[in-house]
Amino acid sequence: GDGWETRRARVDSLSSSLVGPVPTFNWTIVRLGSPGRIERFVLDTQHFKNNPPIAFAIEGTYASDRDLNEDNFCDAQAMAKYQWASIIKPTSLLPHREHEFEVPKSSPQRKQVFTHVLLKIFPCGGMARFRVFGHPTSNKYQSKI
């Protein structure tokens, strides 16, 4: 079936305000089809009635051609060499529905060019779909935009 469900993480509590460090999270990185500017995201928790993530956050980075070896994004140490910009700060999710989030037009991240996005879910749960919408700035990966 569709989706991604993580192993349950046992945490004592998770702040309802989601301010400050979160005890644990699961993540995935998506390489965009082309470098581009992001306008909105759709996160779908359909069919995860009893195990949706409590919250999510999205970050983005730009990686040049020489950095695009997929192995560079397989562990936290390799990911740390990239400058990750927060696109959407930790935000609550509800079970069994499609959520749409727009990057505000006034946000500097709306004007920034990204090649990869990092989806974090707190602390665990199921995600049926994750979609990224925007406009490509080129039709191929280039070393600089």
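Heads up: numbering here begins at 1 and tracks the sequence.
The closest side-chain heavy-atom distance from Ile29 to Trp84 is below 4.5 Å. Side chains of Thr61 and Leu118 form no contact here, defined as non-hydrogen atoms less than 4.5 Å apart. At a threshold of 4.5 Å between non-hydrogen side-chain atoms, the residues Arg37 and Val113 count as touching. Looking only at side-chain heavy atoms (C-beta outward), Pro53 and Thr45 come within less than 4.5 Å of each other.
Nearest heavy-atom pair, Phe56 versus Phe122, reported as atom, atom and distance to 0.1 Å: C-CE1, 3.7 Å. Nearest heavy-atom pair across Pro90 and Ala57 is N-CB, 3.9 Å.
Tested against Ser107 for a side-chain hydrogen bond (donor to acceptor under 3.5 Å, both in side chains), the candidates Lys105, Gln109, Arg110 yield a single pass: Gln109.
Atom CD1 of residue Ile58 and atom CG of residue Leu43 lie 5.0 Å apart, to the nearest 0.5 angstrom. In this structure, Phe41 CZ and Ile88 CD1 are separated by 5.0 Å, a value rounded to the nearest 0.5 Å.
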Tell me which donor-acceptor pairs under 3.5 Å the side chains of residues 125-135 have, and how far apart each pair is, sequence neighbours excluded?
| residue | atom | partner | partner atom | Å |
| --- | --- | --- | --- | --- |
| Arg129 | NH1 | Asp44 | OD2 | 3.3 |
| Arg129 | NH2 | Asp2 | OD2 | 2.6 |
| His135 | NE2 | Glu39 | OE2 | 2.9 |

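Criterion: ILVMFWY side-chain heavy atoms under 4.5 Å apart, direct or through other members. Under it, Leu32 and Phe101 are part of a common hydrophobic cluster.
Looking only at distances, a side-chain donor or acceptor of His96 sits under 3.5 Å from a matching main-chain atom of His47. In terms of modelled atom types and a separation under 3.5 Å, the side chain of Thr28 and the main chain of Leu119 share no donor-acceptor contact.
Remark: Arg97 pairs with no residue by the salt bridge (charged side-chain N to carboxylate O under 4.0 Å, His left out) rule, at least two apart or across chains.
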